[in-house]
Each structure stands twice: as structure tokens, then as C-alpha cells.
2 protein chains.
Amino acid sequence: MEDPDISQASGGETPASRAGTTGAGRSGLDQRRILDAAVRFIDENGLRMLTMQRLGAYLGVEGMALYRYVPGREALLDGVVETVVDELFSDPHVHLEAHSGWVDYLQRLAHGLRRIALAHPEVFPLVATRPPAAPWVRPPLRSLRWIESLLGVMTDAGFSDENAAAVYRAFSSFLLGHLLLEVAAHGVETGPVEEPDVSPSEDLSDYPNLQRLEPHLSVDAAAEDFEEALEALLDRVALLLPRRRRPARLTKDK
Amino acid sequence: MEDPDISQASGGETPASRAGTTGAGRSGLDQRRILDAAVRFIDENGLRMLTMQRLGAYLGVEGMALYRYVPGREALLDGVVETVVDELFSDPHVHLEAHSGWVDYLQRLAHGLRRIALAHPEVFPLVATRPPAAPWVRPPLRSLRWIESLLGVMTDAGFSDENAAAVYRAFSSFLLGHLLLEVAAHGVETGPVEEPDVSPSEDLSDYPNLQRLEPHLSVDAAAEDFEEALEALLDRVALLLPRRRRPARLTKDK
DNA sequence: ACCTGAACACCGTTCAAGT
DNA sequence: ACCTGAACACCGTTCAAGT
């Protein structure tokens, strides 16, 4: 009744599926087109500006027309999340098959998701907080195909079922925390258009440490932090394997 | 103009401040009372049910009455986040002064925030995603007082300014990722009231690894995961200190 | 001084009606 | 087959009016 899964086309009668041709009506409307437009709209105008009527206008249509292809606003947002996460499939730097070992695999997956987060900073909070379909679907890796893939790679590499699941959980937490904070920092600089008014950086007189450390806190070390934390996580994961099977040079030598 | 800081009472003329007595009008209305009621309302009914009119009714008042004490809905939400995070100050297990070393301090802080997240699972996504006031205010540790406190403890313990800032960033990412995923998992079990219909756990026939690992994925290991990841983070942080000053038994002996 | 009624602009959603 | 106009219930917010 609520949140009917969008784009799971199994049995779902969409106008396009009925029409024989993959084509569209006179307005070129289409579920794919609507979801893609929604992503672009959020990228350009921010999540809070997305409204059924405005998205309709963005598509040259009257807003209620969207309900022919989308069950409602909630389902639309679910579709937006799915659309954005699915970009991982077409990322040339993240080849499912062409990885050399689980370390390489997890690194590519992590960087692929980071690229998505940075490409859609306004969408990412949605990826992070939308209630998942199943309890074990953890943001930001919300695709069954990728979870399956990750678990397969890990178990093939010699991790026990328990450990593979633990790695999946740790990996999700790491990605979610880092990426959500990185896009939030991105947003706060370009975000609310307020004039600094009188105080250029508020009143920090009561906070001497904050005041002294402000230069250190304001530098954007997101990329380095991400890399370091990822390496630390991989080191920790490697310890789950019997010594013999551990990849050799995990501890950076640079 | 937007998001005027609530409860920063400096110069803000509230009815209570004008009335001499700390008391209230005939309805007992009050900014504190409104924010506390909003938190309770979200705890009980969920964030998406919170509306000005419903919150008004919850307080026995007409909804527009709230605008006398709160600039608007956005500011109300900011106030809710601040209210919940401020619970850390009155947590008896998290004493600012009575800590023995930075390890103990970070552990107490982490567990205090985890307690808050679990106490208000419906509020926490708000804590996680509300745009922070300054770029270096990172969720979920959104209080200037606590950031100041953390930086002070770390530098006093011998960490450089750069390293103290790095620890603050790593600590925030760790907390955000773990706690957001933990409350999300909590919500998905009690969340949407759907009937399982026909398929008790969807169709996993195309995902053999998922299918086989489902028991491992469904167990709630949040507490253990949190503890382990926290220990790993503390170990990693300790390496930033010169060997001499490192706390002795960080690697668990259990 | 504090709350309410009425009003405004906007929202999501449904459905009969147009083409 | 596809889109729109009109309608409904609900929002956030403002403000003159009540007590």
C-alpha cells in the first residue's frame, strides 16, 4: 500500500509496456525520463525544491501527469535513490569482473560510491536516510546486486560467511559516515545564502581550542581522510584471514 | 532570514523573557516546552507526522500559536536537534571533567551519543542530515561545547593541533556511520506496516550468496560492531602519539 | 499579552472530462 | 492512450481580531 517498489517492472503495467513500442506519449513522458529528470532537478535546485508540480513543469507537463507513471511522491524518491545508486553499474572504473583480489575490489567499490556521492551531493542524504527495503540492505550500498557481489568476492577470497557479513557491515558504516559528512561539508559552503552580517565567524571567544584550531578544522581533508580510513579498514579486514592468505603489501610503504 | 538560530536567547525577545516571571501564558506555552513536546511527538509518532497543527494540538493549542515562540518549522527542527544533542550534558555517564585520559573520554562520549541515538531513533536522521551552522560542525557531535571539549582533551593529552582535528573528524565519521545505520535497522523492523503478502522474504533466488548469508546478515550485531570499530579507531588514534605517551593496554586482551 | 479565525499560497492526490 | 481542470484535504505562515 505504501512505498510500492518503483521500476520493479514485474507485472507492473506501465503505459510504455502496453504500447508495444518503447516510445512515449505526445509529451515524451516515461518512467525512466521522469526519474532521470528528478535526479537532474535535485542536482540543480536542491531536494527541498522538488515538488510534483515543479517536476512536471520541468518536463513541460502539468504535474498530475506524473501519476500515470509513478505511484506517488514517496515512490518517486525511492526511484531517485535507485537511479543514482545504479550509476555504479555503468562506472567504467568499477568493473564487477575485472578485479584482482578483494582489496582491489573494495577499493574500487568505495571510490565508485564516493564519485556518486560527490556527483549528486543533494541526492546523497536521501540515499543515506531512505528506509531500506530489507533490514540487511544498508545504505549507501543499497543494491541487492552489489551486496551479492561483495559477499561473493569476500567468501571466494577465503573469508567465512560470518566474516564476509561483518565486512559488509563495516564497509557500509565506513562509507556512510565519510560520504555523508563530505557532501554535507560541500553543501554548507554553497548552501544557505546568508550574509555574514557582523560577525565573520560567529563568536568563538568562549572556545579557545576551537578558535586556535579553526584553520586546521576548515581545511578540506576529505579526500585524504577517506583514503586513510579506507586503508585502515582494509588492514583490519585482512586480519580476519589466516596469515597465509593475507595480501602482502597492505600496510602502505609510502 | 532563514534558519534563525533558535534558543540562542541573546537579545531574542521571547514572551517569557519579557514577563519577568519564568512562567507562561494561559496555555503554559513556552519555547522549551514546545521543543520538548516536539521531541516527544517525534519519538511517539515519527518525524513525518510532525506538523505545526498537530504539534499545536499535542500541546492543547491551535498550531499558529507556536509562531509566537518559534520562528518557523525549520527553526523548530533545528531546535529539536539541539535539544536532543544537549541531553549529553545531563548524562551522568559522560562527565566532562571526571575522565581518566583521552581513551576513557572518547569512549564515554561515543557511548553517550549512542545512547541518545537509540533513545530517539526517529530524531537521529535529523541530527545526521540537518545542515550544520558552520563547516567544521560535524554531525552527530553538533555542539560547540563538546567539540571544544574534545579538542581540549586531545591537545592536553599531547596530540598536535593537526592530529586533534584529524581525530575529531575521524571520530565524527565513525559515530555518524554506525549510529545512523543502527537506528535505521531499528526503524525498518517496526517501520512500515506492510503485510509480507505472499513472499516472506522477497525473491532471493537470483542471489545465492545473499540467500545463504541471510541468517548472518539478519542477526543484530550492532552493539558488538560498534564496540569493535570504536576500539579499532582508538588503536589507530593512539599511533599518532609518540610511543612513550601511548596508553599501555589498548589492544584488548580478552 | 496571548491565542484564534480567517485568509493566502502552496502541496499531494484523485478523477471525470477533454483530445 | 495520454494529459488537464477542477476539486479535496492538508500544509506553513501572516495578521487582524478577539479575550
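What you are looking at is a predicted structure, and each value in this text was computed from that prediction instead of being measured. Letters go in sequence order (proteins before strands), and every chain restarts at 1.
Going from atom CD of A/Q31 over to atom P of D/dC2 covers 13 Å, rounded to whole Å. A straight line from CG of B/L66 to C1' of C/dC2 spans 13 Å, rounded to a whole angstrom. Distance B/Y67 OH to D/dA16 P: 17 Å, rounded to the nearest Å. If you measure from atom CG of A/L76 to atom P of C/dC11, you get 14 Å, rounded to the nearest angstrom. At whole-Å resolution of the value, CG in B/D30 and P in C/dC2 are 11 Å apart. To the nearest angstrom, P of C/dT13 lies 13 Å from CG of A/L55. Atom pair B/R73:CZ and C/dC11:C1' shows a separation of 13 Å (rounding to whole Å applied).
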*asked:* Does the protein touch nucleotides 3-10 of chain D at the base, only the backbone, or not at all? Give it as B, S and - per nucleotide, heavy atoms under 4.0 Å.
replied: BBBB----

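Here A/F89 and A/W146 bring their ring centres to under 6.0 angstrom of each other.
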*Where each pair must be Watson-Crick or G-U wobble with both distances under 3.5 Å, what dot-bracket representation of DNA chain D is obtained, with crossing pairs in [ ] and other-strand partners as |?*
||.|||||...|||||.||

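With a 6.0 Å radius and a threshold of 12 heavy atoms from other residues, nucleotides or ligands, B/R108 has its CZ atom above the threshold. Counting non-hydrogen atoms of other residues, nucleotides and ligands closer than 6.0 Å to CZ of B/R54 gives a total above 12.
For the residue pair A/R138 and A/S173, a side-chain donor N or O sits within less than 3.5 Å of a side-chain acceptor on the partner.
Between A/S27 and A/L59, every side-chain heavy-atom pair lies at or beyond the 4.5 Å cut-off.
B/D43 approaches B/A119 most closely through the heavy-atom pair OD1-O, 4.2 Å. Here the closest non-hydrogen pair linking A/L217 and B/A165 is CD2-CB, 3.8 Å.
One finds the CZ atom of A/R142 at 8.0 Å from the CZ atom of A/R130 (value rounded to the nearest 0.5 Å).
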